[in-house]
Amino acid sequence: MLDRRLAAFRPDLADIALKGQVDADRFVAPEPSMVTLPVAALRPKPDVSAGIDTELLMGEQVRVFDRQEGWAWVQATDDSYVGYLPEEALGPTVPATHVVTVPRTFVYRGADLRFPTRTALSMGSRLTIVREAETRGTRYLLLSDGGALVSRHLRPVSDPPAPDYVAVAALFLETPYLWGGKSGFGIDCSGLVQLAMRLAGLEAPRDSDMQAAGLGVPIERCDLRRGDLVFWKGHVAIMEDETTMIHANGHTMTVARETLEAAIERIGWLYGTPTGYRRPVAET
């Protein structure tokens with residue numbers, strides 16, 4: 001049975017790629033588009049009161065199947081997640097040249113840190129830089145509309161990714177917990193895994209059940225080491241070493257560090273013991 005989170009089908013409309021697999025009144029080929037807001041909430045239905053399934057960041061590519069009443073029904077190109085975005089969050093696709101590599105950064109109104117800010121962007125945002133500038137020893141990268149970002153907060157998309165996804169995840173310590181969040185402004189457990197791994201050049205499914213089912217290979221608890229994942233029902237944590245883990249959690253409502261033993265004891269009375277352990281990075 002197809003997962004509605006990963007396959008674009010409704011009774012009235014479906015992805016043409018699913019023809020013969022699902023029943024729908026009409027099958028359409030998607031049109032490409034791109035997220036142009038700093039963060040856009042992806043929802044299971046076109047209603048602002050509906051819970052957030054995940055978020056898409058500036059520069060992320062999507063496939064658009066339908067546009068109605070200010071909403072677009074889309075599928076994210078990176079992880080295939082399907083849902084509804086406000087139509088105002090989308091614009092024409094433009095090749096990205098740089099990606100944000102710090103948890104949060106500002107877009108200034110020009111190449112000067114004393115200028116007013118225009119907006120803030122999350123790690124993982126993808127931008128098209130048109131030129132560079134320097135003001136009083138600080139280098140900036142400029143967008144086509146004149147917005148400027150501190151150069152050291154970005155890297156060219158052609159550069160090697162981060163070498164250690166656990167170190168990337170640790171940059172989010174104290175970031176607020178947000179159900180469905182996937183940004184430096186608010187993040188959930190599986191969003192932390194996916195975003196940190198993406199900055200390290202690794203791919204991960206969006207939700208913890210997807211990660212538990214097929215990300216990397218299963219291991220035993222006694223084999224845990226840095227970079228391995230621990231799963232509970234509906235939750236995932238990243239091992240920082242053999243005994244300590246990092247996770248976005250609803251207990252502290254932040255990304256926090258704690259020992260595995262303490263987490264097992266604390267979580268156990270409500271959600272039971274861990275359901276599995278996985279190593280997401282293949283042995284070399």
Side-chain angles (χ1 to χ4, degrees), residues 3-6 38-45 47-57 76 79 81-84 102-104 120 122-124 165-199 204-216 221 224 226-278 280:
D3 189 332
R4 70 99 184 151
R5 297 172 295 178
L6 302 176
V39 182
L42 190 74
R43 303 176 191 273
K45 56 184 180 179
D47 184 345
V48 293
S49 67
I52 298 172
D53 276 342
T54 185
E55 292 177 325
L56 300 182
L57 305 176
D79 61 14
Y81 219 106
V82 175
Y84 293 87
V102 293
R104 296 160 295 277
S122 167
M123 178 188 288
Y165 95 91
V166 183
V168 177
L171 295 174
F172 287 90
L173 285 168
E174 303 301 329
T175 298
Y177 176 86
L178 177 66
W179 180 274
K182 196 191 71 175
S183 83
F185 308 110
I187 200 162
D188 67 15
C189 62
S190 54
L192 178 64
V193 171
Q194 187 189 57
L195 185 54
M197 289 186 65
R198 183 168 293 166
L199 267 289
R206 174 58 181 91
D207 293 341
S208 61
D209 64 320
M210 301 175 187
Q211 295 170 359
L215 180 55
R221 178 179 173 182
L224 285 173
R226 183 177 177 87
D228 292 338
L229 301 175
V230 182
F231 293 92
W232 286 262
K233 183 179 180 182
H235 188 59
V236 60
I238 302 166
M239 295 303 297
E240 196 170 25
D241 54 36
E242 292 82 358
T243 60
T244 306
M245 61 185 226
I246 299 170
H247 61 151
N249 68 92
H251 175 67
T252 65
M253 290 301 292
T254 63
V255 177
R257 177 186 285 123
E258 67 178 312
T259 66
L260 176 60
E261 288 293 343
I264 289 175
E265 181 177 355
R266 177 178 58 77
I267 296 171
W269 71 272
L270 188 60
Y271 295 109
T273 57
T275 56
Y277 310 88
R278 298 189 75 91

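What you see is a predicted model, and the numbers here were worked out from it, not measured in a lab. As a basis for the values below, the full set of heavy atoms in this structure was taken, side chains included, without hydrogen atoms, waters or symmetry mates.
- A donor-acceptor pair under 3.5 Å is absent between the side-chain atoms of E55 and the main chain of G181, judged by distance alone.
- Considering only heavy atoms from C-beta on, Q211 stays 4.5 Å or farther from P280 through its side chain.
- Residues L42 and T54 have side chains in contact (heavy-atom distance under 4.5 Å, counting atoms from C-beta outward).
- A120 and P38 get closest at one heavy-atom pair: O-CB, 3.5 Å.
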Decide yes or no on side-chain contact (heavy atoms from CB on, under 4.5 Å) for T175 and R104, but give the supporting numbers first. CA-CA 10 Å; T175 298; R104 296 160 295 277; 3.6 Å; yes

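- A pairwise comparison of heavy atoms in P205 and L215 identifies CD-CD1, 4.2 Å as the closest pair.
- R206 has its side chain within reach of K182: a pair of non-hydrogen atoms, C-beta onward, lies under 4.5 Å apart.
- Put simply, the side chain of T244 does not reach to within 4.5 Å of the side chain of L260, judged on heavy atoms.
- Within the 4.5 Å cutoff, no side-chain heavy atoms of Y277 are placed close to those of M239.
- In this structure, the side chains of H247 and V255 stay at 4.5 Å or more apart for every pair of heavy atoms.
- Atom CG of residue L192 and atom OG of residue S183 lie 11.5 Å apart, to the nearest 0.5 angstrom.
- Comment: D53 does not engage R5 in a salt bridge, judged by the lack of any side-chain N to carboxylate O separation of less than 4.0 angstrom.
- Taking each heavy atom of A263 and M245 in turn, the nearest pair found is CB-CE, 3.3 Å.
- Using modelled atom types, one side-chain atom of R226 and one backbone atom of E240 make a donor-acceptor pair closer than 3.5 Å.
- Between G234 and S208, the shortest heavy-atom distance links the atoms C-OG, 3.5 Å.
- The pair D228-R221 does not meet the salt-bridge criterion, since no charged nitrogen lies less than 4.0 angstrom from a carboxylate oxygen.
- Atom CD1 of residue I187 and atom CG of residue L195 lie 5.0 Å apart, to the nearest 0.5 angstrom.
- The closest donor-acceptor contact from the side chain of Y177 to the backbone of T252 lies at 3.5 Å or more, if one exists at all.
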Stepwise side-chain contact (heavy atoms from CB on, under 4.5 Å) check, L229 with I238: CA-CA 5 Å; L229 301 175; I238 302 166; 3.8 Å; yes

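- M210 is listed as a side-chain neighbour of Y81, based on a closest heavy-atom distance under 4.5 Å.
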Please report the C-alpha distance between V39 and L57 in whole Å, then the side-chain angles of each, then the deciding distance to 0.1 Å, and finally whether the side-chain contact (heavy atoms from CB on, under 4.5 Å) criterion is met. CA-CA 5 Å; V39 182; L57 305 176; 4.1 Å; yes

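- Separating the CG atom in D79 from the CG atom in L56 is a distance of 7.5 Å, to the nearest 0.5 Å.
- The closest donor-acceptor contact from the side chain of T275 to the backbone of F231 lies under 3.5 Å.
- Annotation: the span from Y271 atom OH to R266 atom CZ amounts to 10.0 Å, rounded to 0.5 Å.
- The minimum heavy-atom distance linking H235 with A248 is given by the pair CE1-O, 3.2 Å.
- A distance of 5.0 Å separates CD1 of I246 from CZ of R257, quoted to the nearest 0.5 Å.
- The CG atom of L178 lies 7.5 Å from the CE atom of M253; values are rounded to the nearest 0.5 Å.
- For D188 (side chain) and G180 (main-chain N/O), a donor-acceptor pair under 3.5 Å exists by modelled atom type.
- A pairwise comparison of heavy atoms in L199 and G124 identifies CD2-CA, 4.0 Å as the closest pair.
- Within the 4.5 Å cutoff, side-chain heavy atoms of W232 are placed close to those of I264.
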